[in-house]
Amino acid sequence: MQNANESFENRHPFQADISPNKPFFYENDGSDIWLRVPSEFSFEENYNHLSTATNESLYTLREGRIYKAIAVGEEDTVVEIAAEGEHYLRIRFIEEPLVDSSALREGVARYVHDWFDLGTDLKPFYEMAAGDPLLKEAVVSFYGLRNMGIPDLYEAICWGILGQQINLGFAYTLKRRFVEKFGRFIERGGERYWLFPTAEDIAVLTPEDLSAAGMTTVKKCEYLVDTARLIASGGLTKEQLLQTGDVKQAEKRLVQIRGIGPWTAHYVLMRCLRMPDAFPIDDVGLHHSIRHVLGLDAKPSKERILELSAGWTLWESYATFYLWRFLY
């Protein structure tokens with residue numbers, strides 16, 4: 001294994017395009033993948049954030065390492081993600097028979113790059129936040145935290161729908177039921193690593209199938225199935241939403257779908273589409289965070305939040321994520 005402290009340029013990195021505007025570099029050394037991280041990145045802060053989800057079904061944390069099943073095309077794999085010095089993430093495959101597959105390795109590198117939002121330059125955000133009354137404490141406390149995303153559109157929408165009007169703990173319980181009933185798992189070293197059900201998996205089911213599995217209200221089950229059918233048929237894709245080029249237009253497209261209101265739409269645009277100005281302004285957690293930071297006796301009004309966020313232009317998504325971190 002090459003020295004992690006050796007300069008990136010001397011380690012013969014490979015380049016791949018995660019999107020037209022966000023090239024990224026990684027090294028495939030035949031065993032592990034080495035993913036370069038920005039200066040404004042802290043693996044510890046992101047690990048700590050992930051650890052707050054005490055009933056999470058889609059990743060496992062052990063001794064400072066993240067274990068996760070990832071689907072790349074028709075192939076499923078399990079990887080271990082860990083910090084390697086200050087400048088790299090090391091991705092190690094767990095008992096992977098197709099470890100030599102270049103498509104699998106590039107797909108995993110792309111997924112992790114997207115999941116940790118490594119393509120976003122946070123310097124302007126930190127410069128803005130340093131003088132912002134609401135954010136200055138958050139960016140010091142959680143420096144290097146990334147907006148840990150949900151790369152799959154159907155998964156992001158499901159999480160938004162499942163979380164509507166219930167507490168976070170129960171939302172995680174519903175998610176686990178959903179994953180373990182309708183998803184699939186890979187077994188490595190005697191452990192099961194789950195993958196979220198695909199839209200195609202759910203599209204062939206009925207709302208009654210989901211309801212029988214304990215998936216909360218009949219209406220939510222209808223929303224989950226309807227959305228799955230829409231995505232499986234090609235009627236809704238990430239590319240379509242990104243091509244709107246505007247958060248308001250993307251929101252307009254999403255709220256036309258039954259079960260998706262403004263909060264869920266902005267949550268999806270924030271966590272999956274990475275639209276920087278996505279802003280779930282009606283989020284209860286955001287209100288509690290603002291109340292906490294400012295020491296208010298009651299939650300702020302929407303008008304007050306708009307005043308406080310006036311300087312966040314094109315950073316509303318990250319501002320929200322950092323404020324959430326005070327609570328969870």
Side-chain angles (χ1 to χ4, degrees), residues 1-47 49-50 58-62 64-122 144-156 186 188 193-196 198 238-239 242 271-274:
M1 183 61 64
Q2 292 171 292
N3 189 330
N5 294 320
E6 188 179 346
S7 72
F8 183 64
E9 291 76 9
N10 292 335
R11 298 182 61 198
H12 309 293
F14 293 78
Q15 179 178 4
D17 290 321
I18 194 167
S19 76
N21 299 318
K22 290 186 178 180
F24 76 103
F25 294 91
Y26 69 97
E27 181 185 356
N28 171 357
D29 68 5
S31 177
D32 298 341
I33 294 171
W34 300 73
L35 196 59
R36 179 80 173 190
V37 298
S39 299
E40 300 75 26
F41 176 83
S42 166
F43 182 79
E44 181 180 7
E45 285 298 334
N46 290 281
Y47 186 94
H49 163 65
L50 293 177
L58 296 176
Y59 56 80
T60 301
L61 305 180
R62 286 197 298 269
R65 295 174 172 83
I66 304 167
Y67 297 84
K68 183 167 176 59
I70 296 175
V72 178
E74 298 299 316
E75 302 296 338
D76 301 336
T77 192
V78 176
V79 298
E80 174 195 274
I81 305 166
E84 193 70 35
E86 296 181 358
H87 304 299
Y88 296 93
L89 290 179
R90 185 182 67 186
I91 305 169
R92 183 172 67 89
F93 289 90
I94 307 298
E95 300 176 10
E96 176 50 61
L98 300 177
V99 71
D100 293 331
S101 167
S102 59
L104 180 67
R105 295 166 87 66
E106 182 171 322
V108 166
R110 287 174 180 269
Y111 185 95
V112 175
H113 186 278
D114 186 10
W115 190 30
F116 282 87
D117 194 31
L118 297 179
T120 295
D121 179 7
L122 288 187
L145 177 66
R146 294 274 156 167
N147 177 3
M148 297 292 292
I150 306 174
D152 180 72
L153 178 61
Y154 184 59
E155 181 184 340
I186 311 170
R188 295 284 191 271
Y193 298 92
W194 289 89
L195 287 152
F196 199 83
T198 66
K238 287 177 73 170
E239 291 72 23
L242 287 169
R271 302 296 305 283
C272 182
L273 279 297
R274 305 294 193 183

Fit a plane to each ring of Phe43 and Phe116, take the angle between them on a 0 to 90° scale, and name the class: parallel (under 30°), tilted (30 to 60°) or perpendicular (over 60°). parallel
Closest approach of [X] to [Y] (non-hydrogen atoms, all atoms of both residues):
X: Glu95; Y: Arg188; result: O-NE, 3.2 Å
X: Glu96; Y: Thr77; result: OE1-OG1, 2.6 Å
X: Glu75; Y: Leu104; result: CB-CD1, 4.2 Å
X: Asn147; Y: Asp117; result: O-CB, 3.8 Å
X: Tyr154; Y: Thr198; result: CD2-C, 4.0 Å
X: Val79; Y: Val108; result: CG1-CG1, 4.0 Å

Output the distance between atom [atom1] ([X]) and atom [atom2] ([Y]), rounded to the nearest 0.5 Å.
X: Ile150; Y: Leu273; atom1: CD1; atom2: CG; result: 11.5 Å
X: Leu50; Y: Leu58; atom1: CG; atom2: CG; result: 11.5 Å
X: Ser31; Y: Ile91; atom1: OG; atom2: CD1; result: 12.0 Å
X: Glu40; Y: Asp121; atom1: CD; atom2: CG; result: 6.0 Å

Passing option when Glu80 is tested against Arg62, Lys68, Arg92 for salt bridge (Lys or Arg N to Asp or Glu O under 4.0 Å): Arg92
Do [X] and [Y] have side chains that get closer than 4.5 Å, going by heavy atoms?
X: Asp152; Y: Cys272; answer: no
X: Arg146; Y: Pro38; answer: yes
X: Thr120; Y: Arg274; answer: no
X: Ile81; Y: Leu35; answer: no
X: Val99; Y: Arg105; answer: yes

Can you establish whether the number of heavy atoms outside Glu44 located under 6.0 Å from its atom CD is more than 12? no
Verdict with supporting geometry, Ile33 and Phe93, side-chain contact (heavy atoms from CB on, under 4.5 Å): CA-CA 9 Å; Ile33 294 171; Phe93 289 90; 3.8 Å; yes
Can you list everything that forms a ring pair (Phe, Tyr, Trp, His ring centres under 6.0 Å) with Tyr193? Sequence neighbours excluded, please. none
Determine, step by step, whether Trp115 and Ile66 satisfy the side-chain contact (heavy atoms from CB on, under 4.5 Å) criterion, reporting the C-alpha distance in whole Å, the side-chain angles of both residues, the deciding distance to 0.1 Å, and the verdict. CA-CA 12 Å; Trp115 190 30; Ile66 304 167; 3.9 Å; yes
Side-chain donor/acceptor of Tyr47 to backbone N/O of Gly64, under 3.5 Å: yes
Backbone of Ile94 reached by a side-chain donor or acceptor of Tyr67 within 3.5 Å: no
Walk me through it: do Asp76 and Ile70 pass the test side-chain contact (heavy atoms from CB on, under 4.5 Å)? CA-CA 6 Å; Asp76 301 336; Ile70 296 175; over 6 Å; no
